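Structure first, commentary second.
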Amino acid sequence: MAVSVLQNTILLGFIYAIMALGIFLSFKVLNIPDLTVDGSFTSGCAVSAVLTVMGYPLLGMLLGFVVGMLAGVVSGVLQTHCKIPSVLAGILTMTALYSINLKIMNGMPNVSLFGKDTVITPLQHIFASNGALMLALGLVVLVSVLLYLFLQTQLGLSLRATGDNEAMVRASSINSDAMKILGLGLANGLVGLGGALFAQNQGFADVSGGIGMMVIGLASILVGEAFLHKRGIGWQLCSVLLGAIIYQLIMTFALQLGIASSDIKLLSAVLVAGAISLSQLQWKRRKQHA
């Protein structure tokens, strides 16, 4: 594997790690299968690309997070106040976001950033071709540290408790509905941030670019858990980062072996299905021997 290919693989792993941290928050911490992700990732891409074309790449990154967070809040409100099941609420929000994302992109199916300055441009003067890698690394470390610190606060512990035992949380006079809305908002905000960086790194935004992102995020989480079994929120966050990189290495290696790029999403789905099945079998065996 060439050095440039390896560098691009790790770079993409860092970008997807930001998104995977958001999915970790909803899927693992809150225990909610949130399908809003495919739409909120595209929202981050769309907002980031449009504002970059207008000459405001940094604002595009910030608003990518905000728009993703709003999408998560909508999904949370549908679940808590409208009493819609989480999977259906995510599908409804994701479907609505397709039209919204098209409007953000002025009705165009894609937006090109060719010849435009991005958040990566200033770093290229310092780190040359490694500018994007340094930015992605710095951002994923910053997000991980902030998320770890947040989950240690009283509010963060309440969020974690909601995912562990909602009945106990309600008995403790904690508003579990507010925790779900907050958690889903933060989760999709991180997904949107990942999408914003993805668009500026790739140089374009596509209205269908978010399809399959939920699978990629889950694959990153599950692959990371397979390599890093230690408990504790800090180790779990590290496993997500490790999993995102290993997942990208697996996909790149598959491409090097001659697997068609059109089959990558199929391979991702098979990888996630296999990892979930394996973890369930291991859990059943441990239960039988207990």
Side-chain angles (χ1 to χ4, degrees), residues 16-44 65 67-97 143-144 147-148 150-151 153 155-172 174-195 210-225 231 233 236-237 239-240 243-244 269 272-273 275-276 279-280 283:
Y16 282 151
I18 299 172
M19 175 195 67
L21 286 171
I23 296 176
F24 170 81
L25 197 55
S26 59
F27 186 71
K28 284 292 186 178
V29 176
L30 278 177
N31 198 26
I32 295 176
D34 180 31
L35 299 182
T36 311
V37 169
D38 286 10
S40 57
F41 184 88
T42 306
S43 295
F65 174 83
V67 170
M69 189 170 187
L70 289 175
V73 168
V74 170
S75 185
V77 169
L78 289 177
Q79 292 179 41
T80 56
H81 290 72
C82 300
K83 305 304 177 184
I84 298 176
S86 58
V87 173
L88 182 55
I91 293 173
L92 291 173
T93 307
M94 177 181 63
T95 303
L97 282 173
V143 168
S144 301
L147 186 58
Y148 172 78
F150 168 73
L151 292 174
T153 64
L155 186 60
L157 291 172
S158 298
L159 196 70
R160 293 162 63 183
T162 301
D164 288 336
N165 193 329
E166 186 176 348
M168 181 194 71
V169 167
R170 289 184 180 275
S172 302
I174 297 174
N175 190 335
S176 62
D177 288 347
M179 291 297 103
K180 288 181 180 179
I181 294 172
L182 172 64
L184 289 173
L186 288 175
N188 284 279
L190 292 177
V191 172
L193 180 63
I211 296 175
M213 289 301 147
M214 182 66 176
V215 174
I216 292 176
L218 286 176
S220 300
I221 293 170
L222 295 172
V223 169
E225 286 182 345
R231 295 183 176 273
I233 197 67
Q236 289 179 40
L237 293 177
S239 74
V240 174
V272 171
I276 293 175
S279 64
Q280 289 297 317
W283 179 79

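The shown structure was predicted, so the numbers you read here are calculated from the model rather than taken from an experiment. Any value given below was found using the heavy atoms of this structure, including those in side chains, with hydrogens, waters and symmetry copies removed.
Tested against V37 for a side chain to side chain contact (heavy atoms under 4.5 Å, CB included), the candidates T42, I23, T93 yield a single pass: I23. Applying the side chain to side chain contact (heavy atoms under 4.5 Å, CB included) test between F150 and each of L25, L157, L159 identifies L159 as the sole match. For the side chain to side chain donor-acceptor pair (under 3.5 Å) criterion with S75, the lone passing option out of N188, T36, T80 is T36.
Between the OG atom of S144 and the CG atom of L237 there is a distance of 6.0 Å, given to the nearest 0.5 Å. Summarising the geometry, atom OG1 belonging to T162 is positioned 8.5 Å from atom CE belonging to M168; distances are rounded to the nearest 0.5 Å. Taking OG of S43 as the start and CG of L97 as the end, the distance is 4.0 Å to the nearest 0.5 Å. In this structure, OG in S86 is found 5.0 Å from CD in Q79, a value given to the nearest 0.5 Å. Note that CG of L21 and CD of Q236 are 11.5 Å apart. Values are rounded to the nearest 0.5 Å. Distance check, rounded to the nearest 0.5 Å: OG of S220 to CD1 of I18 gives 12.0 Å.
When side chains are defined from C-beta on, M214 counts as touching D38, because their heavy atoms get closer than 4.5 Å. Considering only heavy atoms from C-beta on, T95 comes within 4.5 Å of I91 through its side chain. Within the 4.5 Å cutoff, the side chain of L78 has no heavy atoms near those of the K83 side chain. Within the 4.5 Å cutoff, the side chain of L147 has no heavy atoms near those of the I233 side chain. Contact check for F65 versus L190: side-chain heavy atoms found under the 4.5 Å cut-off. Annotation: side chain of I181 is in contact with side chain of H81 (closest heavy-atom distance under 4.5 Å). Side chains of L186 and M69 form a contact here, defined as non-hydrogen atoms less than 4.5 Å apart.
Nearest approach of M94 to G39, heavy atoms of both residues: CG-N, 3.8 Å. Minimum interatomic distance between P33 and V87 (heavy atoms only, all atoms of both residues): CG-CG2, 3.9 Å. Nearest approach of G194 to F41, heavy atoms of both residues: C-CE1, 3.9 Å.
Checking side-chain atoms of R160 against main-chain N and O of L151 turns up a donor-acceptor pair under 3.5 Å.
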*Take L88 and L35 through the test side-chain contact (heavy atoms from CB on, under 4.5 Å) and record every step on the way to the result.*
CA-CA 8 Å; L88 182 55; L35 299 182; over 6 Å; no
*asked:* Walk me through whether M19 and I216 qualify under side-chain contact (heavy atoms from CB on, under 4.5 Å).
replied: CA-CA 9 Å; M19 175 195 67; I216 292 176; 3.9 Å; yes
*Criterion side-chain contact (heavy atoms from CB on, under 4.5 Å) on I32 and F27, from CA distance to verdict*: CA-CA 5 Å; I32 295 176; F27 186 71; over 6 Å; no
*Starting from the C-alpha separation in whole Å, work towards a yes-or-no answer on side chain to side chain donor-acceptor pair (under 3.5 Å) for S239 and E225.*
CA-CA 6 Å; S239 74; E225 286 182 345; 5.8 Å; no
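With respect to the salt-bridge test (charged N to carboxylate O, under 4.0 angstrom), the residues K180 and D34 do not qualify.
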